[in-house]
Amino acid sequence: MAEKKYAPAFYPPPRGTLRWAEKNYIAQAPIFCSTDLRDGNQALAAPMSMADKLQFFQMLVDIGFKEIEVAYPAANDTEFEFVRCLIENDLIPNDVTIQVLTMSREQPIRRTFEAIEGAKHAIVHLYIATSPVFRETVLRKSREELIDLALAGAASIREMAGEREGVRFEFSPEHFTATETDFALEVCNRVIEEWKPTPSRPAVINLPSTVELSLPHVYARQVEYMHENLACRENVILSVHTHNDRGSAVADAELGLLAGAQRVEGTLFGNGERTGNTDLVTLGMNLYSQGVDPGLQFSRMPEIVRQFEETTGMRVYERQPYSGQLVFAAFSGTHQDAIAKGMRQREKEGPGRWRVPYLPVDPRDVGREYEADVIRVNSQSGSGGIGYLLEQKYGLAFPREMRMDFMRAIKAASDREHRELSLADVHAVFQKEFLDVFTPIDVVEAHFAQKDGITAYIDVRVNGGPRRKATATGNGRLDAVSNCLKSLFGYQYSIVKYQEHALGHGSDSRAIAYVGIIEYGSGRMSWGAGTHDDIMAASVNALVSALNRLYPNPRADEEIR
Ligand code: KIV
Ligand code: ZN
């Protein structure tokens with residue numbers, strides 16, 4: 001069916017040099033122009049209110065945009081009033097140029113100039129659809145008639161701007177990619193001829209993929225053709241304006257830049273008609289991640305997302321590059337482990353080139369946290385990443401061998417609750433299941449004497465019952481306590497791992513100990529952890545925790561005998 005109904009609808013340009021295809025990256029940031037308040041706004045089910053637009057404008061200024069398309073003033077009163085409000089209230093910084101869109105008719109152009117009266121810097125953006133489909137079915141104009149229409153608009157703009165300083169011009173052959181490239185070039189060159197751009201008043205020629213129709217390299221070849229053949233090229237700023245119908249708006253814009261464009265129009269998070277415009281966050285951060293300063297600040301990304309969602313009523317997709325909620329998240333154990341290793345390496349080596357597996361940029365550069373945003377815990381998670389986070393946040397350095405047991409408990413909790421666990425949840429599982437577990441047995445007192453090695457004298461309660469005493473020797477204090485417990489309860493095990501460290505800094509900080517035991521015969525392993533001001537008491541607590549986890553029902557005296 002498809003082959004009958006559809007065919008490529010773009011016009012490939014004559015063969016170019018394709019030299020741009022050999023470039024490996026974009027070495028310099030383009031001029032960024034945000035069209036959020038025009039192309040983005042016109043695509044919203046409920047266009048932004050005046051207050052929303054003002055807030056959004058301020059956010060764009062804070063991000064660092066120097067060119068902002070603020071409205072289509074002749075379209076309606078809200079658009080017009082918004083431009084007036086910005087100018088009359090002196091809300092436009094001196095280094096920011098506002099841009100306004102107009103169709104190629106005298107009346108709307110006049111209204112557009114009324115809107116920008118008093119603006120220090122403004123770009124009047126003229127557009128006209130140039131594609132055959134538009135010429136034949138919508139406008140019903142021949143090529144010549146269409147050129148005349150474009151030139152009439154261009155002339156009106158030139159006349160109304162007169163010698164006014166600070167007003168520049170932009171022309172867009174709408175549906176550029178669906179236009180015969182040589183015809184698009186002819187229209188642009190005729191407009192350029194009308195405007196006679198100079199170094200102090202350069203003109204912008206903007207090439208919209210109004211509907212994205214081709215592979216990105218085809219668009220780039222169209223841009224290359226324009227770049228190489230435009231009149232008065234030195235006084236023309238070549239701009240790309242891509243839409244995302246095939247899902248490649250950012251790639252189109254990037255290849256367009258390689259092919260000779262110097263400027264990009266787009267929106268935050270790619271909002272815009274249908275599938276949207278180029279996402280300038282992605283484009284800017286793609287540059288940033290390769291060491292090129294885009295001149296745009298995204299270090300407060302969560303706040304930008306919040307304001308964007310509040311003002312537009314749109315939602316930023318969880319996997320939107322650099323800005324989505326999940327774009328740094330690693331749930332799988334292998335990813336988490338690699339990230340944790342990369343982070344540890346970085347801590348060792350100090351700041352330098354970013355080389356952390358799975359993370360194209362440091363999440364902190366876009367206002368995100370490792371704890372909340374990177375290593376995320378569910379039933380697929382692994383111990384390496386979680387261990388890293390527990391160490392960072394709670395200062396816990398588990399023995400490697402304990403991690404398997406710990407992960408079993410975490411996965412069980414995640415499965416049981418059928419949800420992702422926060423780091424606080426993970427820590428709570430550790431505290432509940434491994435740390436200072438004093439039921440059923442609790443060593444309430446322990447004294448030691450140096451006699452036949454070390455002798456321990458301990459008092460134990462079972463499930464809060466009466467004290468029971470035991471004495472035994474061992475080759476160290478923990479061993480002596482362990483022998484007491486073996487004699488009281490008949491446990492058959494040996495201690496296979498012992499590890500301790502201070503929790504926090506300073507001589508008064510508490511200690512934590514970890515103990516791993518293995519049951520004779522069955523080979524069952526159990527782990528416990530204990531804290532105390534005194535390291536010996538912490539070790540006993542860890543041993544008791546491991547035993548209580550292995551033996552939830554200690555045998556009664558008579559069974560032992
Ligand atoms: O996508 C488009 O063609 C436009 C023009 C008006 C520049 O938004
Ligand atoms: Zn557009």
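Predicted, not measured: the structure shown is a model, and the values here were computed from it. We're numbering straight along the sequence, starting at 1. Atom set for the values below is all heavy atoms of this structure, side chains included, hydrogens, waters and symmetry mates excluded. Counting starts at 1 for both ligands and their atoms, following the listed order.
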**Student:** Report yes or no: is the cationic atom of R135 (NZ for Lys, CZ for Arg) closer than 6.0 Å to the six-membered ring centre of F183, at no more than 45° off its axis?
**Tutor:** yes
**Student:** Would you please say whether a donor-acceptor pair under 3.5 Å links the side chains of D337 and T334?
**Tutor:** no
**Student:** Backbone, side chain, both or neither: what part of E265 comes under 4.0 angstrom of ligand 1, heavy atoms only?
**Tutor:** neither
**Student:** Quick one about R38 and Q42 (side-chain donor to acceptor, distance below 3.5 Å, no hydrogens or angles considered), yes or no?
**Tutor:** yes
**Student:** Name the residue from E67, R168, H121, E265 that meets the side-chain hydrogen bond (donor to acceptor under 3.5 Å, both in side chains) definition with Q99.
**Tutor:** E265
**Student:** Does an N or O from H241, backbone or side chain, lie closer than 3.5 Å to an N or O of ligand 1?
**Tutor:** yes
**Student:** With ring pair (Phe, Tyr, Trp, His ring centres under 6.0 Å) as the criterion, how do F308 and F269 come out once you've worked through the C-alpha distance, each side chain's angles and the decisive distance to 0.1 Å?
**Tutor:** CA-CA 9 Å; F308 171 86; F269 315 115; 4.9 Å; yes
**Student:** Any idea which atoms of ligand 1 are less than 4.0 Å away from a heavy-atom of E174?
**Tutor:** 3 (O)
**Student:** Heavy-atom pairs closer than 4.0 Å: do any link ligand 1 to the side chain of T210, the backbone, both, or neither?
**Tutor:** both
**Student:** Counting only heavy atoms not in R19 (residues, nucleotides, ligands), do more than 12 fall under 6.0 Å from its CZ?
**Tutor:** no
**Student:** Pairs of nitrogen or oxygen atoms closer than 3.5 Å, one from H243 and one from ligand 1: do any exist?
**Tutor:** yes
**Student:** Can T278 and T242 be counted as having a side-chain donor-acceptor contact under 3.5 angstrom?
**Tutor:** yes
**Student:** Which pair of non-hydrogen atoms, one from V187 and one from A150, has the smallest distance, and what is that distance?
**Tutor:** CG1-CB, 4.2 Å
**Student:** CD of E347: more than 12 outside heavy atoms within 6.0 angstrom?
**Tutor:** yes
**Student:** Can you pull out the closest protein heavy atom to atom 5 (C) of ligand 1? Residue, atom name and distance to 0.1 Å, please.
**Tutor:** R38 NH2, 4.0 Å
**Student:** Count, excluding waters, the protein N, O or S atoms that are closer to the Zn ion (ligand 2) than 2.8 Å.
**Tutor:** 3
**Student:** Using a 4.0 Å cutoff against the non-hydrogen atoms of D39, which atoms of ligand 1 qualify?
**Tutor:** 8 (O)
**Student:** Could you tell me which atoms of ligand 1, counted from 1 in the order shown, lie closer than 4.0 angstrom to a heavy atom of P208?
**Tutor:** 2 (C), 3 (O)
**Student:** H335: which residues meet the ring-ring contact (aromatic ring centres under 6.0 Å, His included) condition with it, sequence neighbours left out?
**Tutor:** Y358
**Student:** So for ligand 1, is S172 a polar contact partner (N or O within less than 3.5 Å, distance only)?
**Tutor:** no
